Amino acid sequence: MKDTEIKRLLSAHIVCVFSIILTTVVPPLFLENFSVLGTHLIWLCICSICVTTVNIILYIILKPNPSSKRISFAHKVTKFLKCCVFFFISCILFHGIIVLYGAPLIELVLETFLFAVLLSTFTTLHCLCMLGPNIQAWIRVFSKNGAMSIWDNSLQITTMCSIVGAWLGAFPIPLDWDRPWQIWPISCSLGATFGYVAGLIIAPLWIYWNRKQLTYKSR
Amino acid sequence: MQRWPVLLFLAWACFLFFSGIGLFTSGFLLMRIELTNRSSCSDPLAAPAWAGQGLAPGACWMPQRVPKAVLLIIDALAFEFARFDPAKARPRPYENKLGFLHQLAGSQPRHARLYRFRADPPTTTMQRIKGLTTGSLPTFIDVGSNFASYAIEEDNLLGQLVQNGRRVVFMGDDTWDGLFPQKFFRSYFFPSFNVKDLHTVDDGILQHLYPTVDGGEWDLLIAHFLGVDHCGHKHGPDHPEMAKKLAQMNEMLRSLVDHLGSDTLLLVAGDHGMTETGDHGGDSEKEVNAALFVYSKTPLFGAHRPEEPETIPQVNLVPTLALLLGVPIPYSNIGEVMAELFSGDGGDASAALRQLSAYRLNARQVDRFLHSYSLAAQDLPAERLRHLRELFSAALEEHDRLLAHVQEGLPASPELEARLRRLVGRFQRYLREARAVCMESWARFHPLRMVAGCALIAASCLLCYVASELAAALDFPYRSRLLYPLLWGLAVAAVLGLGQLLTREGPDLVLVSAWAAAASQLAFFWPSWGRRPRRAHLAGGQPPAASAGLWQRLRAWQGPALPMGLLFLRCCAMFSDSFVVAEARVAPFLLASLATLLVGKLHWRGRLTAPEAPKQPPGAAFYQKESWQLLGLLAVLLACLRLSGLFHQCREEIPRCQPSPCLAPLSSLQSTQAKNLFYLLCVASLAGLVCAVRRWLRHYGNLNSASPLVLFVRWAFPLLAVWIACYWAVTSGAEDTLGKLQELVQVALVGFPRAVYGLASLGLLLALWTPVTVFVKDSRESVGPIVTPYQGAPSSQAELLHVIPQIYRRMQESLKSQLDRGHRRATVAAYGLGSVYSAALVIVLTVLGFLLLILHSERMSLSFLLLFLEAFVLLRIHACVVSLAGDAGDLPVRRNGPPFVVPWYAVTAWVFAATQFFYSTGHQPTFPAIHWNAAFVGFQQGHSTHLLPAVLVGANTFASHILFAVGCPLLLLWPFVCEAPNSQRRKLKKELREELQEEEEPMMEMRLRESPERFSAALLQLGLKYLFVLGAQLLACVWAAMILRRHLMVWKVFAPKFLFEALGFMVSSICLLLGIFLVMRVDYAVSAWFERLQPR
């Protein structure tokens, strides 16, 4: 049971990683002058959209947290709308936090906001897919003994890796190397992306190594 | 409670750090040796007479070319000020104002020329005057003596002139009086101290200038104008006032030239430039770029005229002026003559010959200086010196050959001219290389001392860490860890000091203290060296294996891993110049990360969520009320961090950086509306501070008693605020509009700050004298007689009238007390006892805050308000985290209140906040960024000593270090203060569960008093932890300065950073001692208070 779950997790994650790689490789075929560093904002949009769609498709296919109840269509619609609102709020929250951490307040608002959207895609979107718009469940998952399935574990790992990656991405900004990727928010968004990819890869491995220790409370 | 041992231990730890800093500094910042040799006319350097060029009888070394010269020094005349660009359509206030210079240079190109005049850093006026007269380079460390001028010992231009019987007349800046006492034939000095005063010096000079020039009783006339510099300091260059000042200078030059004779040389020079904020002192391009303008009514220059003004180093003025005036070049000069001033009229060949003889003299003088310098000191690398020597002798040989050639009387040919030119080039090359060698070497290091200093500081850090671990145990071995090391240190110091006294003239204080520190450290570490095996033995007695022990140790490290990791990051950042430059943004980033991670960790461990209630659906978790409070506090902290970024000063390394507008004084604002608005904001922030502190004190009941300190808080706090507001009103008002009130304004400018100083010091003294702010209500029965005896005549009626009311009142009282007894026994109610320690600290901090606030510019009061708010929020977060983290613990922890240990994260956050507010109070670790104005708050006329201005400027610079260090004990106290609501909550919960428990009063800070041993140990531990965190940063700085001492940026970034960090460490550690001393003083007073209470 567990091994098959881990395999499903692994395959889902590999699809995610590939989708991110594709966002850097495919657009140059269609768009002129596209490069991740040069036209960073476009890449940010493409990457966010791509990861979002892939995540949603994966969620629909895999159904990690299948619920036994049958849910009416109206309920589904309200849930979806709620998810959208949550996502938007999380974008704004991330934007605020990033500004509080020292990002420029007035200049480069678009850049900062797109970076916030990217971060939300890597973190909030996952939570929304896995747990739905349910804050209590989120609070529960992000605590020491809160994970109830390997999906929850992978959620913890990818989210933390993305945020740590973004945090580490801020470090090269003050250096006087004059590289194009040191411009706000490129280093941070690249850091977040690398962190996310690392999290996607680490999560199945970590779960595999620790599969003996991982025991989940029954629901 | 052990009070003195704790203080002594901390003082000793501070001393260890200080001795390390001293040792390192003595190895890192070496000074140039000043030679006292003097040049004289009889020196054999003088050139052999050229054919047909005998020396005039009065002149020496070279024939005098100009009999008289006027040297006008316009302080801070940057090159941009002097340049005139007619194409500029809309010049800024400082541009295109000296049109007369442009007019002269345009109409008489052979008479006038403008140069870029490059000053050698440090660009402070006194250093520049030294450079302009001795022709030498002042070294880095000389900056410190800016406030007091010392007479120049080295050979200098003025000395040479006086020696040769010339008359030097001076008018202007009185710094020259200190530098050249009794050198002037006549002098008119005007005070230079008051940077706010734009006109006194200039008007004084203008009054005397023209009569003196017309009188003709002078050979060199020096006039030093200060208005432009003071205008820069007060308003910045971009201000209409600057335009007025420069226009005044222009008019002065125009009429001066009319008064000049045809044989007089006019030199107009700036001693340094200024930054965009009007400051100077560093080595940025803008500060270094001054202007030099040369003019004479007889033609000076050749026909050739450069397109762009030439750049010449400032020291070049010295040999040039000396040779032009016909006096010897000062002995230690390393400047190079300005060749084109020696060409004069005549053919090209004769001009080149004259230049050549000037160069030869110059080169011989520099060679002689280098030779005697290398004998006196070994700083200059021998290899380079040999190379220079070779260059010099080769050029000299060539010169002699040529000389013979010329003396043979050969006609001037193009080939000869080319040879002459080449030779001039060789001399030039020699002179420039010599200058470069000197510049490089006068920043030489003493590696052994540096390494030893580093090691001492590192060992002191380790000592602090080990001792703070030891202090966790209750019985700190003061005897073996304090007394013996101290004795050892004293013994070593005594032996070394005596030894040095016998062998040399005076003991080297730095070395003696370093050896003493090392010896005492060894004595400290000795017991732990011996004890380790025993401890291992003890541990071995327990069943778990070694691996389990390791695991345990790792687990124990988990707590401090987070703050230590961030501290490590911060220390690493010291090694990169970019990060040092960007530190103003790095410190808040790290602090924000620390706080967020702390809360995140609490969440991860499930401490924020409420324990699962039965009603709750499974798989969901709710936050407790306190957790929401914690999150709110975190948001406020982040907002504070971000807002504090609005007050940053700029470093020149960051391009396109705009310094915060709040740094400028209000008087520099031009719109009255904005001025009023900001003024109201500043006053509101003052009022807010006073109200907040008073509210806090009232909340905890510390504002009720009638002790002098409480009265001070009640009455003197608003008074202080009002005085400061009045002072701001006076300073920010436009000076010119007041007219008749000028005298009153002067009195107010001095009176208000001094009154604030006085009252604040009174407050600090009161806090030390009677620090207890407890209001006592005694409800115990008085033991006195029931009825006071009646003194009057024993007539029954009157006696009854006297006695009956008393009996009635007495009955009433006893009845009341009997009724009360049903509830509780008669007690002494003391209000504010639970926060008596923190109340004293808060009061002292506020008073200090007022003191420091008045030293800053008006709008910095907003930043101070932020500082207090952030400190408060940090303390609240700390208290919240302590209570939440302790919540899950078992019952004994709950009943005993918060732990006596201040965790590492709190200490680290506190130090980070101190660093952050160093930047947010408008400072940067560079010399131009120092707020020199602070020295004149309340002392408009300048100072007679230099201790007081140093203290004022130091207090201004390290304001946040002072406040946070004094407030450090609050980290220990605050969780106890915040205990009250928590225990009530617990009480409620307890009552729900079991009602057996006796009613429990919040103990708050009295818990500390209950276990005095643990209290003193906790204070010691807190102090040591604070010293450790500060010391780790200092160590990183020292290390960076040592490793990167050949880095391009060492004098610009690392050395100033090291100096500021070291000074900040000293200020912080001393203030930390004061804060802990204050807590102990309160403890003593509270003990005395309890004793007084008992016998009643």
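Treat the numbers as computed from the prediction; the structure is a model and nothing was measured. Note on naming: letters A, B, ... go to the chains in the order of the sequence lines (proteins, then strands), and numbering restarts at 1 for each one.
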Visitor: For B/A582 and A/P174, work out which heavy atoms get closest and say how close.
Guide: CB-CB, 3.6 Å
Visitor: To the nearest 0.5 Å, how far apart are CZ in A/F171 and SG in B/C572?
Guide: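 Reported to 0.5 Å precision, the distance equals 10.0 Å.
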Visitor: Take atom CZ in B/R651; do more than 12 heavy atoms of anything else shown fall under 6.0 Å from it?
Guide: yes
Visitor: Using only non-hydrogen atoms and a strict under-4.5 angstrom cutoff, which residues of residues 183-203 of chain A touch chain B?
Guide: none
Visitor: Can you pull out the residues in residues 88-106 of chain A with any heavy atom less than 4.5 Å from chain B?
Guide: A/V99, A/L100, A/Y101, A/G102, A/A103, A/P104, A/L105
Visitor: Chain A heavy atoms under 4.5 Å from B/L569: which part of the residue, side chain, backbone, both or neither?
Guide: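 For B/L569, the side chain is the part near chain A, not the backbone.
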Visitor: Is B/L638 in contact with chain A via its backbone, its side chain, both, or neither, using a 4.5 Å heavy-atom distance?
Guide: both
Visitor: Quick check for you: to the nearest 0.5 Å, what is the distance between A/I139 atom CD1 and B/S627 atom OG?
Guide: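 Answer for the CD1-OG pair, A/I139 versus B/S627, is 9.0 Å.
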Visitor: Would you give the length of the straight line joining atom OG of A/S143 to atom NE2 of B/H603, rounded to the nearest 0.5 angstrom?
Guide: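 It is 5.5 Å, given to the nearest 0.5 Å.
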Visitor: Heavy-atom count check: over 12 atoms from other residues, nucleotides or ligands less than 6.0 Å from A/R211 CZ?
Guide: yes
Visitor: Counting neighbours of OH on A/Y208 that are heavy atoms of other residues, nucleotides or ligands and sit closer than 6.0 Å, is the number greater than 12?
Guide: no
Visitor: How long is the gap from CG on B/L597 to CH2 on A/W167, to the nearest 0.5 Å?
Guide: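 So the CG of B/L597 and the CH2 of A/W167 are separated by 6.5 Å.
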Visitor: Is any side-chain heavy atom of A/D176 less than 4.5 Å from a side-chain heavy atom of B/D577?
Guide: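 In short, these two side chains touch, coming nearer than 4.5 Å.
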Visitor: NZ of A/K144 to NZ of B/K601: how many Å apart, nearest 0.5 Å?
Guide: 10.0 Å
